[in-house]
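Below is one structure, written out as structure tokens; the observations come after it.
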Amino acid sequence: MTSLLVRNARPVPLRPVDAAPGGPSASEPVDVLVEGGTVTAVAPRLDPPAGDAVEEVDAAGRWLLPGLWDQHVHMGQWTLASQRLDLGAARTPEDVTRAVAERVAEHPDQPVIGWGHRSGGWDREVTVSELDAVSGQTPVVLISGDGHHAWLNTTALLHLAMPVRDSVVRETEWFAAYPRLVSLVGNDGTSPEAYRRSLETAAALGVVGIVDFEFGRGPMDWVERWHSGADLLRVRAATYAEHLDDVIALGLRTGEALPGCGPLLTMGSLKIISDGSLNTRTAWCCEPYGDAHRLEYPAGQPNLSGDELREHLARAHAAGLEVATHAIGDAAVAEALASYAATGARGSVEHAQMVGRDDVRRMAELGIRASVQPAHLLDDRDLTEKIWGDRSARCFAFRWMLDDGVELVLGSDAPVSPLDPWLAVAAAVHRSADERGPWHGEQALSVQEALAASVDGQPTVGVGSRGDLVLVDADPLAAHASTADAGAALRGTHVALTVVAGAVVHREM
């Protein structure tokens with residue numbers, strides 16, 4: 001096995017106690033040796049080990065971090081995003097229908113698959129009829145930016161064997177229909193080659209691992225594409241309830257290598273979507289939404305009863321699986337934690353977008369991770385203020401979580417937000433995407449804390465840590481005049497080298 005020797009690198013301290021005198025990252029350069037996928041030596045000067053082939057890289061004083069992770073990705077949808085009609089800039093239903101009309105005029109024989117519109121801030125509900133008026137017989141499927149509903153025309157509804165209606169398709173019905181989209185678009189762009197390109201793009205940002213929550217067969221799909229070349233990074237592949245029996249029958253347990261694959265591809269969690277989203281007003285809350293008069297369910301609603309949720313958790317726990325429970329509203333978070341407590345299950349609350357103060361403390365007591373996506377706060381800031389009002393003080397409550405001892409991990413929920421760990425870190429630190437000041441800056445993290453939540457629990461690079469490394473051109477802990485300046489610097493980070501288990505997977509130096 002080839003070893004890797006990185007020379008003249010400055011380890012970035014992920015804890016204040018690791019910082020060198022003179023500044024957080026002011027340490028003298030060191031050499032770092034990786035053997036068998038693990039860091040085995042760190043010293044001012046190392047000799048190559050005898051007998052092994054050794055690849056040497058001169059970091060030239062660059063800064064060294066553990067490899068970055070994205071703890072929440074929908075990899076198939078992220079891979080497809082670049083091929084879809086981008087509706088992220090649409091501000092009204094008319095913006096959307098105009099873009100659809102233009103695409104249909106350009107390519108009348110091709111289905112239109114759109115992504116990214118956010119109707120939560122629009123002043124009216126949209127209809128199938130208005131989409132039919134600009135699309136004719138061309139199938140049109142427009143997936144919302146949060147992934148929780150889709151606006152289809154009649155042709156697409158019929159093709160996907162869904163009841164014809166004049167409203168959007170939401171939540172559970174849409175999640176069930178999504179896998180059938182391949183029957184509409186044919187080659188769906190998620191070949192192993194397409195996945196490989198997405199993984200290469202992630203590696204160029206310093207990502208060494210992802211947790212994939214894509215719909216479909218999950219682990220079984222990954223085994224197939226892994227052997228077809230999509231084997232660049234570490235992957236934890238989740239499953240959903242409809243495939244839980246298959247996973248249990250195969251004896252797959254969280255953290256174990258998938259059949260026929262090495263240690264980089266492992267079984268992830270059972271993913272449960274317990275409530276909806278802010279944008280669709282389906283996140284389950286303790287109090288009604290600010291525009292509750294428009295809603296069938298004024299406070300949102302759960303997707304599962306408490307008994308159903310606990311049954312899923314208990315089955316997964318008995319089979320050696322962790323559980324990742326999507327919970328965005330504060331009522332959903334409380335119910336998820338009650339279910340973890342009742343069953344003894346382990347795992348995470350995904351999103352935890354609005355939380356009660358006591359529930360954060362309970363999350364810490366139970367040892368449940370908070371898997372959060374800081375870049376969502378950039379998109380959701382205005383809508384949250386509009387429909388959750390003063391409850392916004394309890395949204396994206398990262399400071400509460402860290403101060404109470406909750407294990408915090410960062411991700412993107414790509415394609416809801418870009419698969420970009422530097423964007424996530426910057427959002428956690430500055431909490432603003434424009435000229436406005438930080439949104440509830442009392443919940444912000446330091447750069448050091450946000451980076452520590454982005455490396456899958458790895459310490460400052462040292463002996464015994466994983467051989468997953470990232471070299472960056474600038475010190476990410478450098479002092480800045482404001483969090484805005486820090487955020488801008490983080491978003492502009494250039495990654496010179498990415499290493500997974502001692503193997504170089506990206507180099508630009």
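Counting begins at 1 with the first residue of the sequence.
Sorted by first then second residue, the salt bridge (charged side-chain N to carboxylate O under 4.0 Å, His left out) pairs that include residues 449-465, not counting sequence neighbours, are R236-D456, R399-E449, D456-R466.
Between the E224 side chain and the D221 main chain, no donor and acceptor come within less than 3.5 Å of each other. In terms of modelled atom types and a separation under 3.5 Å, the side chain of D404 and the main chain of V360 share no donor-acceptor contact. Listed for the Y289 side chain is no donor-acceptor partner under 3.5 Å among the backbone atoms of G300. Looking only at distances, no side-chain donor or acceptor of D413 sits under 3.5 Å from a matching main-chain atom of V416. Side chain of R180 to backbone of L160: a donor-acceptor contact under 3.5 angstrom is found. When atom types are taken as modelled, the side chain of T254 and the backbone of M267 share no donor-acceptor pair closer than 3.5 angstrom. Without hydrogens or angle criteria, R391 side chain to D330 main chain gives no donor-acceptor distance under 3.5 Å. The backbone N or O of P302 lies less than 3.5 Å from no partner atom in the side chain of D275, so there is not a single donor-acceptor pair. Using a distance-only test at 3.5 Å, with no hydrogens or angles considered, a donor-acceptor pair links the side chain of D468 to the main chain of A501.
Aromatic pair F213/H72: ring centres closer than 6.0 Å.
For the 3.5 Å distance criterion, the side chains of S144 and D146 qualify, holding a donor opposite an acceptor. At a cut-off of 3.5 Å, with distance as the only test, a side-chain donor of Y340 or T325 sits close to an acceptor on the other residue. H74 and D212 share no side-chain donor-acceptor pair at under 3.5 Å. Between the side chains of S465 and Q458, no donor N or O sits under 3.5 Å from an acceptor N or O.
How far CG of L445 is from CG of L410: 7.0 Å, rounded to the nearest 0.5 Å. Taking NE2 of H312 as the start and OG of S339 as the end, the distance is 10.5 Å to the nearest 0.5 Å. To the nearest 0.5 Å, atoms OG (S417) and CD (Q373) are separated by 8.0 Å. Considering OG1 of T190 and CZ of R225, their distance stands at 6.5 Å, rounded to 0.5 Å. A distance of 8.0 Å separates CH2 in W284 from OG in S274, rounded to the nearest 0.5 Å. Between the CD atom of E311 and the OG1 atom of T343 there is a distance of 11.5 Å, given to the nearest 0.5 Å.
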**Message:** As a quick check of understanding, evaluate side-chain hydrogen bond (donor to acceptor under 3.5 Å, both in side chains) for Q353 and D380, giving each step before the final call.
**Reply:** CA-CA 10 Å; Q353 188 160 333; D380 289 351; 3.0 Å; yes
**Request:** Start with the C-alpha distance between R165 and E125, add both sets of side-chain angles, then the distance that settles salt bridge (charged side-chain N to carboxylate O under 4.0 Å, His left out), and finish with yes or no.
**Result:** CA-CA 13 Å; R165 82 289 301 276; E125 298 291 333; over 6 Å; no
**Request:** List the steps and the verdict of salt bridge (charged side-chain N to carboxylate O under 4.0 Å, His left out) for R281 and E296.
**Result:** CA-CA 10 Å; R281 280 41 165 210; E296 180 180 3; over 6 Å; no
**Message:** Between H148 and N279, does the side-chain hydrogen bond (donor to acceptor under 3.5 Å, both in side chains) criterion hold? Intermediate values first, please.
**Reply:** CA-CA 8 Å; H148 278 252; N279 187 62; over 6 Å; no
**Request:** Output, in order, the C-alpha distance, side-chain angles, deciding distance and verdict of salt bridge (charged side-chain N to carboxylate O under 4.0 Å, His left out) for E350 and K271.
**Result:** CA-CA 9 Å; E350 301 293 320; K271 173 68 181 297; over 6 Å; no
**Request:** Evaluate the criterion side-chain hydrogen bond (donor to acceptor under 3.5 Å, both in side chains) for residue pair S392 and H440; output intermediate values, then yes/no.
**Result:** CA-CA 8 Å; S392 66; H440 291 291; 2.9 Å; yes
**Evaluation steps, side-chain hydrogen bond (donor to acceptor under 3.5 Å, both in side chains), between E193 and S191** = CA-CA 5 Å; E193 294 79 12; S191 65; 3.2 Å; yes
**Request:** Applying salt bridge (charged side-chain N to carboxylate O under 4.0 Å, His left out), run through R394 and D359 and close with a yes or a no.
**Result:** CA-CA 11 Å; R394 299 189 279 115; D359 285 328; over 6 Å; no
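Between M354 and C285 the shortest heavy-atom distance is CE-SG, 3.8 Å. Closest approach of S277 and E171 over heavy atoms only: N-OE2, 3.8 Å. What you find for C395 and T384 is that their closest heavy atoms are SG-CG2, 3.8 Å. Scanning both residues, P259 and V223, for their nearest heavy atoms gives O-CG1, 3.8 Å. Considering all non-hydrogen atoms of both residues, G206 and T498 come closest at CA-OG1, 3.5 Å. Residues W222 and A230 share a closest heavy-atom pair of CZ3-O, 3.5 Å.
Between H351 and H326, the two ring planes are perpendicular [angle over 60°; tilted spans 30° to 60°].
T266 places none of its side-chain heavy atoms less than 4.5 Å from the side chain of L258. Here the side chains of S119 and H149 are in contact, with some heavy-atom distance below 4.5 Å. Counting heavy atoms from C-beta on, the side chains of S269 and L321 never come closer than 4.5 Å. The shortest side-chain heavy-atom distance between L65 and V455 does not fall under the 4.5 Å cut-off. With a 4.5 Å cut-off on side-chain heavy atoms, V499 and V34 do not count as touching. Looking only at side-chain heavy atoms (C-beta outward), L309 and I272 come within less than 4.5 Å of each other. Taking the side chain as every heavy atom from C-beta outward, W115 and L142 never approach each other to under 4.5 Å. Side-chain atoms of L85 and I113, non-hydrogen and from C-beta on, never get closer than 4.5 Å to each other.
Residue L469 is tested with V504, V461, V500, L497 for a side chain to side chain contact (heavy atoms under 4.5 Å, CB included); the sole match is V461. Under the side-chain hydrogen bond (donor to acceptor under 3.5 Å, both in side chains) rule, R196 has a single partner from D231, T79, T201, which is D231.
Residues E365 and R361 are not paired through a salt bridge, judged by the lack of any N-O separation under 4.0 Å between the basic side chain and the carboxylate. Salt-bridge formation is detected for the pair R310/E335: a Lys NZ or Arg NE/NH1/NH2 atom is positioned less than 4.0 Å from an Asp or Glu carboxylate oxygen. One finds no salt bridge joining R217 and E242 here, because no Lys/Arg side-chain nitrogen approaches an Asp/Glu carboxylate oxygen to under 4.0 Å.
A cation-pi arrangement, defined by a distance under 6.0 Å to the six-membered ring centre and an angle within 45 degrees of its axis, is present between R431 and F398. Taking the ring centre of W400 as origin, the terminal cationic atom of R357 falls inside the region bounded by 6.0 Å and 45° from the ring axis.
A search for side chain to side chain contact (heavy atoms under 4.5 Å, CB included) contacts involving P298 returns P288, A292, not counting sequence neighbours.
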